[in-house]
Each structure stands twice: as structure tokens, then as C-alpha cells.
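Presented below is the structure to which this report refers.
Since we're looking at a predicted model, the values are computed, not measured. Order of the sequence lines fixes the chain letters, A, B, ..., with proteins taken first and strands second; residue numbering starts at 1 for each chain. Computed over heavy atoms, backbone and side chain alike; hydrogens, waters and symmetry mates excluded.
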Amino acid sequence: MKYDFRRIEEKWQSYWEKNDLYTVSDSGENRYYTLEMFPYPSGKLHMGHVRNYSIGDVVSRFKTMNGSTVLHPMGWDSFGLPAENAAIKNNTHPNEWTWNNIENMRSQLKKLGISYDWNREVASCHPDYYKWTQWLFLLFYKNNLAYKKRSQVNWCPSCATVLANEQVVSGECERCGSTVTKKELEQWFFRITDYAQRLLDDLEKLGGWPEKVKLMQKNWIGRSEGASVDFAIEGLGEEIRVFTTRPDTLFGATFMALAPEHPLCRQIVSGTAYEKDFTQFLERIKRMSEIERTSTELEKEGVFLGKYAVNPISGRKLPIYAANYILLEYGSGAIMGVPAHDQRDYEFAVKYKLDIVEVVRPEAEEAAPEGQAYEGPGTMVNSGKYDGMYYTEAMDSIVEDLERKGKGKKEIKYRLRDWLISRQRYWGAPIPIVYCPDCGEVPVPEKDLPVILPIDIELTGTGASPLARSEKFVNTTCPGCGKPAKRETDTMDTFVCSSWYFLRFTDPKNTEAPFAKEKADAWMPVDQYIGGVEHAILHLMYARFFTKVLYDLGLCSCDEPFENLLTQGMVLKDGAKMSKSKGNVVSPEDIIERYGADTARLFILFAAPPEKDLEWSDQGVEGCYRFLGRIWRLVEENVNSIKGVGGMDRASLNAEDREMLYVINRTVKKVTEDIQGRFNFNTAISAIMEMVNALYQYREREAFNPAVFSEGVNKLVVLMAPFAPHITEELWEMTGGEGSVHRQKWPVFDEEFLVKDMTTVVVQVNGKVRSRIQVPSGTDEEELKGLALEDERVKAYTDGRSIRKVIVVPDKLVNVVLGG
RNA sequence: GCCGAAGUGGUGGAAUUGGCAGACGCGCUGGACUCAAAAUCCAGUGAGGCUCAAACCUCGUGUGGGUUCAAGUCCCACCUUCGGCACCA
């Protein structure tokens, strides 16, 4: 009988479904939560999905077989722009398009044979889900963590929506690549900056996260320690507040620079001869795109505003400029210019012929650079009473003096900004707020949730949000006074929906709350989270933020959502990411059709360790298919010598039987360690391949022991089960196994067979391998040394030469070091 | 510019704590089976030298140095590729 993967895979998939094999109960022992990042339902699985879910499935099945009760759910991150774009393009409705895609992808996932508990499926675009996304918004709102403000925001002209900072990639829209511009709008924000320090500190708790991801988050949060300093403006009752990380260089400040959009600029020039120049400058800056504006290449430029500020300690008068390299959003949008010790200020000072005053002198005279700023450590000069202090000492001292005068204080700034969550798009969770002419901004009462996203709308793809044009949606009554009012028409960023889905999976059908605390506490945190590294900042930071807020408000008992994180590499073809435009896409459907899901999974796990990029190889797939065929034949052709064979009689085992048992047990050990300790599925699979080769050889022997062979085949089928779940079910049944192979206990190795009687010890002379000797295991150092020196091959080298020393590593190696 | 990761045969990759470099797979070569092919099975396969053959010898993990009895692995300098951040004061 041939290996008929189609028949086998269909048979067992329906068996699993009929027998609820993967339905998990909340009350199980040793709870373990495996989670793969839920997909956007684009319509078709790609190889990245296959890789992600195959990894998660091995972990889940392995944990289950090791006695854990495993929660392994799947759902859909199903709000978002592509649905709208596709709907306009194909003249369908986002709702219809999305649900069709979900249908398709679910059936593809089932064909892959992943062990999901489908009873827990959620979709973020379903009212039963987004009701609670809205509920959480209101929770944030009530706790002053959601607020609306007018601000300069990133605007994508093509998507006609605002973007979060995190969604702007080098000045371009993450989604469509259009140049992002700035726009001043009223927008909703989440106060993630309140959590900046905790998000940073708690990275240390995440021992199971890759260092790389933690570092990326750390850089993104961007904590800088420094001081704020207030400079009085001469002839104007105002002060300029600056932020600096180098308060020690206060005496080196020779000018002030403000962001052109800084409100003080207008105030300073208002009604003066400088107003015209400034206005022209500001207009020019505003016309520039985000990329141009923030490019390091851009020449530093500014205009003098006609007034001076006063250094609060030295009393020096500093001309005030508006400068293009100062960002309104960072710090206080203003700086003190210290040309001698900041490269940017230096360039600006050279251009406008401003003074350059050295205040920090490097230890070694020659270390002071020519024609650029010195940003390193040193001793204070030209700084009055601070002269001679080491710069760190001067920092403390100057800040103390500023504090005493009420002109400054220690301060910590973060690069992280508040999270802009409103979008002027249709296909998202409506923000549950009503605007009443009398009561103002009113949250929708909990009992009125969800605010249903209307399905009967018109999508044109241009202009304002489609919701804004839906009279039926917009016009409502005020929950407070009952008079006519208007709904908020912005929807939430889809990252809001995906910031809590892992909690919903613990209690997916709850109609009273987003999730019950006991249920969340029973499963959370996620023991193993798996997904692409592209979410290292956005999703993972937002999910951490949400979890911390929910923890603070008593909704759950964990304050970090993901205990262990595995970031998988990309699937490449010909060295490049698979993409339609490159025409190098390999479709999972085709591979499953030709070789079966087991082969597809096996290849993708075998070709590379999970965190590295994986090069797709059609021939590699063939190889894995051949390997499954080899296992199939090994079992099928010998089924009679496997079935009904009694237990092993240990007393009657010969050396060859023991060698076979050594391989079997070594394989069990290695596969176990490779899966649980390091997720190195590639080496686990290669160890199984070696065992299969050994079993074939053992079977060829005339006097093979059926009990030993049967033992080997039995272990083989169980070890392969997490990788190739269908074929192993069939083989398990064929060899007379009871129940599902996936309900079997994970094998344990027998220490007895791992101890070999004889060991090969390598003998080196001066570090080069010259011989090998067979010795009883555990031979002591002295004896090994003697045996090595007596060896004929070794003697040929040592003859007539003095032996300086002999290094002995028992059971492994002897190195004879010759003198002279 | 700053931060980080990686570089091993023809190829994907092994080598887990400094201890036999190249496991396993792919490809290739030869053989068996076959009328033939496919499939399958068996053997070989880092480079070079020596040899009828085997044994054996030399070189070899991006480059150059170093530490060590012993280095793909540790240290220093550099090159290349990839990823993240980027006028963040």
C-alpha cells in the first residue's frame, strides 16, 4: 500500500473534529498557553503563516504529550484598511470580503492539521468582540488614559487617514508607501507615555524574550536623562524652556533655537521687523515633507527672531533663532545651542557666525577634534566657578544651582509619544463617544454597547470617513440629556483590537465582560508567543501597555502578557522575500495538494532553525516527502514483525540489539531536548532521520530482534507525531496503537541503554588527530594516558622526542604535547 | 552616524560547556533492480598531495593578528551582508 497522503490527511482531520481532540477545558492540570499571532484575513495563507503555525503546533502537541493542558486558539485580526481597499477595487463590501476570507483561511488552516481549539475562535470585526474593544476604550477613557487633543499628526494623503508614529516608516506610510505629511487635527490618543518607564523597566522581567526585541523596544522608548532649564527672554515677560542631556555645557551656550512651529516664535516676532522673514521661513518649512524635514542631510537653517535670552547662571545674552533642525514634538521644542559640544549646533553656528565656546576639555589635549564639536567627557573650562570639575560633577552641581534659583530641574524625557488611535476610516471599531451641543463629549453608556458599525454605507475611497456621511449612524441622541447629538465617526486603530485578543481567548464567549478574571488568571500569561519580528515594536509594545493598564485596574493578575517570545524568520525564495511583484511566491495550497500537509510542515521545520530566515527549496520539499515515504515503508512493510510482539527480554540482547537501543534512546533524548530547550526542530528532525537510517540497517540483519525493532518503530511514530500529525496517526493505528497518537505520553529515554560499554577516544599529538582507541567507558585518566602513549600510531610521532605533557579528557580525548 | 545580528563544502544547514569541522537533507557521481523509465535500494562525495589501491600527509569555518595543549566557538583590529533607529537636544 502506497503512502496516500490525501486519504490519510482527510481521514484524520475529520476524526479529530468528530472526537473534539483539541478542545481544551479551563480546569485541566498543568495549564500551558501557546499562541501564534492571529492573522489578518487577507484571503490566502502564505508560507510565513505556515511556518508560524507549524512551530506553534509542534510546541502545543509536544506540551500536550508531556502532560500539559494546552490552550491553543486561533482567530482573526479582521478590521483594517485592506478590506476597504479590496472592497472598492472588487466592488464588494468589506464585511462580505472579510468573512469570505475568514472562511477560506479557516479551511486552509484545517488542511494544515494544526491543533486549534476552534470553539474559541474570535474575529475582531465581529460585534461580540468589538463590543469589548469599545468597552475597553471607555475603561481607558474613564481612567484618563484616553483623551482627545488637537495636534500635528501624521497624515497619509493616499489612505486619507492619520497614522501612529509607529506606522510611519522613514517618512512614508507603512501600508501604501505614500509620503506622509503633517496635518493639525483633533485626534484620540492613549496615554502610553504614562507607562514609558514601566514598559522600559519591565523589559528586564522578560527573560524569555530575544535580546534583540527588547533592545528595539528600549530604543523606541528612548529614555534620556537630563535637565530642563528656563531662559528669560529680554523685553518679553516670557521664558524659553529647553531640555538638555548636557547641563554641564550651560556656559557653552551661545544661542537659543526654537522649533519654527513653537508658539513662542510668533510671540517674539509679533509686530516687529523680523516677523516677515520668520513667516516666510515657517511657510517654507511647513511645505516640506516629513522625510525632507527630518533628513540628516538637510542643511541646518534658521532665522534670527530679533530678541535675546539670558543664561540663568552666567548671565550671557543669547540670540534667539527659529531653526529647522529643532523638532516641536521632542523635549520642549527648544534648545540651548552649544556649538563646541554638539555637532548640529556647531554646524548651525558656523553658518550664522555665532560664537563657539569650549567648556569641556578632553583629558588628553590632542583628543580635541578639529572642525567639529567635541561630545565626549572632560574637565570644565570657561565655566566660572565650575572650572576644573569633571563634567559629570559639573552636571550635578549646575542642576542643583538651577534648582535653587528655580530656573531648572532634573528631568527625564522619552522618545515614545502617546499612541494616536483614531482613524478616519470605515472598517474599524467605532469610538464610542457622542457629541452633544449641551453636554459636550459624552461616553456611550455600557448598556448601549456595542456601537454597531453600519453595514449599509457607501464606499467611495475618497474624502472624509464613510461613517461621517452616514446620516443614520451620525445622528443619535445624547445619553446624558436625550437631545439630538452626533456620534464620533472615527474608528480605532486595528492595533487596539489586537492588544487584548490573547485575553479574550481565555474566555471567548463571555457576554458580561471582555473576559472573566478567573479565566484570564488561569491561563495568562501566554507561555509561548510566536510571530514575526516585524511586530517587535508596534503590537508587542501596545499589548504590553494594555496588559499593564488592565493589571492596574484589577482586571487581570499579570502585568506582562507574554512570558516567552519566539520571533520567527522570514520565508525567502531565491534570497528574497516572497512577493507577487517578484513572482517568487510559493503557495501553501499547491504544496499541500502535491505533497500533503505533513510534508509541507516537515520541510518548513527542517530547512532552518525557526528564528532564522528560511530559503525555500522545491528539492528540499521532495526530500522531506521522500523521508515520510521512507518511514511509511519501514512500518508498512514490517507491520507483521511489529504488531503483537511482546516486551523485550533484556537478558537476551546481543551487542547489535544494544547498539540499536542506544540509537533509539539517544534519539528520544535529543529530540526531547531540541524541542523543549531550544526549539531547534531542524536538528530534532535530522536526529529522527538518523534513527530511521539505523532502523533500516538493523532490519537488514538476519538475526534482528522483532521486539527491539518494534520498540524503535513505536518510538519513531510517537516522536514524529508533533511534526507530521496525520501520517503518524495512520501508522499508529496500523501498528495496533490504542486511540490517537496525539494522546500518547511523550517517550522517556532509558538511561541503561545510553551507557555504552566501549567508547572511542581520540588521540591527538600536538593538537592533531593521529589515532583513535577503543576503551571501556569510564576508563580513568592515568590508564587512558598509558593506552594512548602505547598506541602504535602515536609512537611513530613520539619516538625519540620528549613528551612535555599529556592532556586527558575522559571518554573523549587525549592530547600528547611534545617538547622542543 | 548610532545600536544589533550574521558570514562554515556545489547547496540548506550541524557542531548545545573551548575538545574528532562539515551531522542530517538537497545536488552530483557510480552501482543494483528494469526491455526502458519512474520509484526504490546500496556506495561515494571539502580542497590539494601521494598511491594500482588503501594507509597516510598538507590545507581548510569572511580577512589579519592574539590567547590556549587544543579555537567555527574566547580576545583585538578590519571587511562584507542583513535588520532596527536616525537632526530625539
Side-chain angles (χ1 to χ4, degrees), chain A residues 2 169-171 210-213 215-220 222-224 226 242-246 249 257 293-300 323-327 329-338 341-345 347-348 413-417 533-534 536-537 569-570 575 602-603 606-609 611-624 626-627 629-630 633 670 673-674 677-678 680 682-690 692-693 696-697 700 760-772 793 796 804-809 812-818:
Chain A
K2 258 195 73 183
V169 179
S170 53
E211 286 305 316
K212 177 187 164 163
V213 173
L215 202 70
M216 279 163 74
Q217 292 214 350
K218 191 180 163 203
N219 291 339
W220 190 261
R223 178 192 151 104
S224 338
V242 305
F243 174 71
T244 176
T245 51
R246 294 291 302 273
T249 63
R293 173 74 203 277
T294 58
S295 159
T296 10
E297 313 289 294
L298 186 70
E299 197 190 350
K300 314 243 173 314
N324 63 352
Y325 69 102
I326 310 303
L327 306 170
E329 312 91 69
Y330 187 75
S332 55
I335 59 136
M336 58 177 196
V338 185
H341 304 290
D342 182 285
Q343 188 56 30
R344 295 157 301 181
D345 297 347
E347 286 165 29
F348 190 81
K413 292 279 179 198
Y414 302 91
R415 218 191 65 125
L416 184 73
R417 310 288 154 77
V533 73
E534 66 273 18
I537 298 172
M570 284 188 299
L602 194 66
F603 168 73
F606 177 64
E611 68 281 2
K612 289 227 236 160
D613 286 351
L614 180 154
E615 177 67 32
W616 184 265
S617 154
D618 291 334
Q619 284 166 328
V621 178
E622 291 268 358
C624 287
R626 278 206 288 265
F627 174 59
R630 218 165 129 75
R633 288 187 300 276
K670 177 152 178 64
E673 288 171 355
D674 279 356
R678 5 182 257 158
N680 276 17
N682 55 331
T683 50
I685 293 165
S686 72
I688 298 173
M689 287 173 170
E690 285 179 82
V692 169
N693 293 343
Y696 264 97
Q697 276 175 21
E700 284 306 298
T760 306
V761 169
V762 167
V763 186
Q764 300 180 325
V765 178
N766 285 340
K768 289 201 164 104
V769 181
R770 298 300 182 187
S771 182
R772 287 176 175 79
R793 291 171 187 284
R804 191 138 63 92
K805 63 171 154 176
V806 180
I807 311 273
V808 182
V809 184
K812 261 198 179 136
L813 161 143
V814 178
N815 189 9
V816 180
V817 187
L818 300 177

Practice prompt. Quick one: closest heavy-atom pair of A:Tyr330 and A:Ser224, and the distance?
Written response: OH-OG, 3.0 Å
Worksheet item: What class does the angle between the rings of A:Trp616 and A:Phe603 fall in, given that below 30° is parallel, 30 to 60° is tilted and above 60° is perpendicular?
Response: perpendicular
Discussion item. Is there a side-chain contact between A:Arg770 and the phosphate of B:rC56, meaning an N or O under 4.0 Å from OP1 or OP2?
Written reply: no
Worksheet item: Please give, in whole Å, the distance from B:rA21 P to A:Lys812 NZ?
Response: 14 Å
Practice prompt. Please figure out whether A:Asn815 or A:Leu614 has its closest RNA chain B nucleotide nearer the 5' end.
Written response: A:Leu614
Worksheet item: How is A:Ser617 classified with respect to the nucleic acid when contacts are heavy atoms under 4.0 Å: base, sugar-phosphate, or nothing?
Response: nothing
Practice prompt. Remember a base hit wins even if backbone is also touched, and classify A:Lys413 as base, sugar-phosphate or nothing at under 4.0 Å, heavy atoms.
Written response: nothing
Item to complete: With syn defined as a glycosidic angle within 90° of 0 and anti as everything else, classify B:rG27.
Response: anti
Practice prompt. Begin with the C-alpha distance, continue with both residues' side-chain angles, and end with the deciding distance and a verdict on side-chain contact (heavy atoms from CB on, under 4.5 Å) for A:Met336 and A:Thr244.
Written response: CA-CA 8 Å; A:Met336 58 177 196; A:Thr244 176; 3.9 Å; yes
Worksheet item: In terms of the nearest nucleotide of RNA chain B, which residue is placed more toward the 5' end: A:Gln619 or A:Val769?
Response: A:Val769
Worksheet item: To the nearest Å, how far apart are A:Leu298 CG and B:rA86 P?
Response: 16 Å
Fill in: Selection from B:rG27, B:rC24, B:rA70 that lies nearest to any side-chain heavy atom of A:Arg626
B:rG27
Worksheet item: Among side-chain atoms of A:Arg630 and A:Asn693, is any donor-acceptor pair under 3.5 angstrom?
Response: yes
